[in-house]
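Heavy-atom basis, side chains included; hydrogens, waters and symmetry copies ignored.
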Amino acid sequence: MRVRPLRGYRYGIGRERDLTKVVAPPYDQITPAMQERLYAMSPANIVRVSYPADQPRAGETADKYLRAHETLETWLREGVWAREERPAIYPYTQTYHVAGREVTRTGFVALGEVSDYARGIVLPHERTHAGPKQDRMRLLQATGADIGLLFMLTGDPDGRLRAATAGPGEPIVEARDLRGELHRLWRITDPEAIARVQSLMAPASVIIADGHHRYETAVEYARHQPGAGDKLMAFFTLEAPGLTILANHRLVHGVDGFSLARLREDAGRWFAVAPLPDPSAFRPTPTRIAVVAGAEAAALELRERDAAHVAWPGGTSAAWRRLAVSILHEGLLRPLLGIDDARLEAGSHVDYTADQDDAIRAAREGRCQAAFLIAPTTPSELQAVVGGGEVLPQKSTHFYPKLLDGLVFARVGDEA
């Protein structure tokens, strides 16, 4: 992977260190309520460019993409956001809380070369959809702004990359996201230190953790725009502490004639079925899934001797078939509830939450017919499947916490 430093654009250079009021989550994590909250935090919040509201405020341009362009140009003209004087790579840490403990994930921000997946340098782990890519393309064409950080994973078994990108001294900026987690950014401008990072990254391949739609948009944009061959990326190592992947539990609705009793009976062909008195204490494994429907719950464990009888999609590997989400989709949702790929793509029968307690509440309160509780995909499972040239089933991962937009951004072609 070819990486390059950049003269990043930052808010309040030399004036402000706490950027909480101007940062935002990735666009695909922003609900309408969150968007309103971000708009209210500051007239310079990056959301006004990264994910502009559909409806204009009084006196604003109606076309949201043109409005984002006008907003950005005003900020730059007035010096609200300005460009760094020297090229840099930016060490980036996220200190957050999960399962009652504090964790720090360390990485760095730089420009990374975009290329077709066929080259094997950048590897996807999920499929994309046309709608989001059209939205991101229109925004990129209007603004020329490379704002959304891609979350990239790479191997670093000896820790040399992590050591080379450790943040020097005090951070240049920090911010709290909407969940209160702490994000910090440093700056490395020494040419020798940058060359060291480039040398370590040169033979590496990377996996996209979050940002598939933005990456594929950048690849397509680069085909038609000279100098657009790089994308702003945040690189994290697979081996370092802090790579937290949460499960995406499934909330099923709209299934005609759904019955937990019938599901338990039908699942008994391949699963050992047992009552589950307290689903809040349930700890899923790849082969052990819980289902909660109203006041009832059951634990379903795929029997090893029966796994071969599941109608697995052709060409899938043993690693793919061992994923909890694969077992759920191919052993339960598709054959017993009729939820096939088309219905998953349409979003007509399944919603998702990374919070197990929230999933249980949704089932107890009747907000869904049933909640299926599954184990998270592990980093080693991710590597095994993606390294074998496959993609994971839809919504197999929920990386936590998400990266922040607005700590630093680039403009397409600036560094060409």
Side-chain angles (χ1 to χ4, degrees), residues 3-26 29 38 41-42 44-47 49-50 75 80-96 102-112 145-154 161-190 193-194 196-198 201 209-211 214 230-237 240-243 399-411 414-415:
V3 299
R4 304 174 63 196
L6 68 148
R7 289 175 54 200
Y9 291 84
R10 294 198 295 109
Y11 176 83
I13 294 177
R15 302 190 308 272
E16 300 203 35
R17 174 167 159 168
D18 186 348
L19 302 191
T20 299
K21 66 183 180 182
V22 300
V23 295
Q29 301 294 308
L38 293 164
M41 288 172 70
S42 169
N45 190 285
I46 199 68
V47 75
V49 176
S50 65
W75 286 348
V80 177
W81 294 75
R83 195 178 181 200
E84 300 264 32
E85 293 183 358
R86 299 176 63 189
I89 63 172
Y90 298 87
Y92 178 16
T93 69
Q94 300 168 288
T95 299
Y96 61 100
E102 184 176 274
V103 181
T104 296
R105 179 162 67 212
T106 63
F108 70 97
V109 175
L111 294 177
D146 185 1
I147 290 173
L149 282 174
L150 303 188
F151 187 166
M152 313 297 270
L153 299 171
T154 190
L161 180 62
R162 191 175 176 216
T165 55
E170 290 295 308
I172 55 172
V173 296
E174 61 186 34
R176 297 274 179 183
D177 62 29
L178 294 180
R179 291 178 173 268
E181 312 292 18
L182 180 62
H183 301 243
R184 288 185 171 132
L185 202 71
W186 286 257
R187 180 176 51 216
I188 295 175
T189 57
D190 176 65
I194 293 172
R196 170 69 171 160
V197 175
Q198 291 177 306
M201 287 295 297
D210 279 335
R214 285 166 287 165
D230 295 310
K231 174 79 183 74
L232 193 66
M233 302 178 184
F235 299 92
F236 296 86
T237 64
L243 183 58
F399 291 89
Y400 185 83
K402 300 301 181 182
L403 309 184
L404 279 180
D405 289 351
L407 294 172
V408 63
F409 72 85
R411 298 202 81 180
D414 272 355
E415 313 297 335

> Okay, side chain of R10, backbone of W81: is any donor-acceptor separation there less than 3.5 Å?
Replying inline: no

> Just by distance, do the side chain of T20 and the backbone of R176 share a donor-acceptor pair under 3.5 Å?
Replying inline: yes

>> Side chains of F108 and Y90, heavy atoms from C-beta outward: is any pair under 4.5 Å?
In response: no

> For V109 and A234, which heavy atoms make the closest approach, and how far apart are they?
Replying inline: CG2-CB, 4.1 Å

>> Run the side-chain contact (heavy atoms from CB on, under 4.5 Å) test on M233 and L403 for me, step by step, so that the C-alpha distance in whole Å, both residues' side-chain angles and the decisive distance to 0.1 Å come before the verdict.
In response: CA-CA 10 Å; M233 302 178 184; L403 309 184; over 6 Å; no

> Are I147 and V49 side-chain neighbours, meaning at least one heavy-atom pair lies under 4.5 Å?
Replying inline: yes

>> Is there a salt bridge (charged side-chain N to carboxylate O under 4.0 Å, His left out) between K231 and D146? Walk through the geometry before answering.
In response: CA-CA 7 Å; K231 174 79 183 74; D146 185 1; 2.5 Å; yes

>> Minimum heavy-atom separation for R196 and A164, please, with both atom names.
In response: CG-CB, 4.0 Å

> For V408, does its backbone N or O pair with a side-chain atom of Y11 as donor and acceptor, under 3.5 Å?
Replying inline: no

> Mind checking what makes ring-ring contact (aromatic ring centres under 6.0 Å, His included) contact with Y96, not counting sequence neighbours?
Replying inline: Y400

>> Are the side chains of I188 and I194 in contact, using a 4.5 Å heavy-atom criterion?
In response: yes

> Got a donor-acceptor contact below 3.5 angstrom from the D230 side chain to the L111 backbone?
Replying inline: no

> Any side-chain heavy atom of F235 within less than 4.5 Å of one from M201?
Replying inline: yes

> Taking side chain as C-beta onward, heavy atoms only, is L232 less than 4.5 Å from L6?
Replying inline: yes

> What's the verdict on side-chain contact (heavy atoms from CB on, under 4.5 Å) for F236 and T154, showing C-alpha distance, side-chain angles and the deciding distance?
Replying inline: CA-CA 6 Å; F236 296 86; T154 190; over 6 Å; no

> Is it true that atom CD of E85 has more than 12 heavy atoms of other residues, nucleotides or ligands lying nearer than 6.0 Å?
Replying inline: no

>> Could you work out, with ring-ring contact (aromatic ring centres under 6.0 Å, His included) as the rule, every residue matching W186, not counting sequence neighbours?
In response: none

> Out of R184, R17, R187, which residue meets the salt bridge (charged side-chain N to carboxylate O under 4.0 Å, His left out) rule with E170?
Replying inline: R17

> From R86 CZ over to T189 OG1, what is the distance, rounded to the nearest 0.5 angstrom?
Replying inline: 3.5 Å

>> Measuring only between side-chain heavy atoms, which start at C-beta, is I46 closer than 4.5 Å to V22?
In response: no

> Taking the side chain from R7 and the backbone from R83, do they hold a donor-acceptor pair closer than 3.5 Å?
Replying inline: no

> Looking just at side-chain N and O atoms, do T95 and T104 make a donor-acceptor pair shorter than 3.5 Å?
Replying inline: yes

> Taking everything shown except R15 itself, do over 12 heavy atoms lie less than 6.0 Å from its CZ?
Replying inline: yes

>> Minimum heavy-atom separation for R105 and P401, please, with both atom names.
In response: NH2-O, 2.7 Å

> So, for A175 and L407, which heavy atoms are closest and what is the spacing to 0.1 Å?
Replying inline: CB-CD2, 4.2 Å

> Are the side chain of Q198 and the backbone N or O of V3 linked by a donor-acceptor pair below 3.5 Å?
Replying inline: yes

>> Does any part of the side chain of T106, heavy atoms only, come nearer than 4.5 Å to the side chain of P91, both counted from C-beta?
In response: no

> Is the closest side-chain heavy-atom distance between L150 and D210 below 4.5 Å?
Replying inline: no

>> For a quick test of reading the model, state the closest non-hydrogen atom pair linking P171 to E174 and the distance between them.
In response: CG-OE1, 4.3 Å

>> Going by side-chain contact (heavy atoms from CB on, under 4.5 Å), L185 matches just one of L19, T93, V173. Which one?
In response: V173

> Quick check: does any side chain N or O of D177 sit under 3.5 Å from a backbone N or O of L404, one acting as donor and the other as acceptor?
Replying inline: no

> Quick one: does Q94's side chain have a donor or acceptor within less than 3.5 Å of a partner on K402's backbone?
Replying inline: yes

> Looking at D405 and G148, what are the two nearest heavy atoms and their distance?
Replying inline: OD1-CA, 3.4 Å

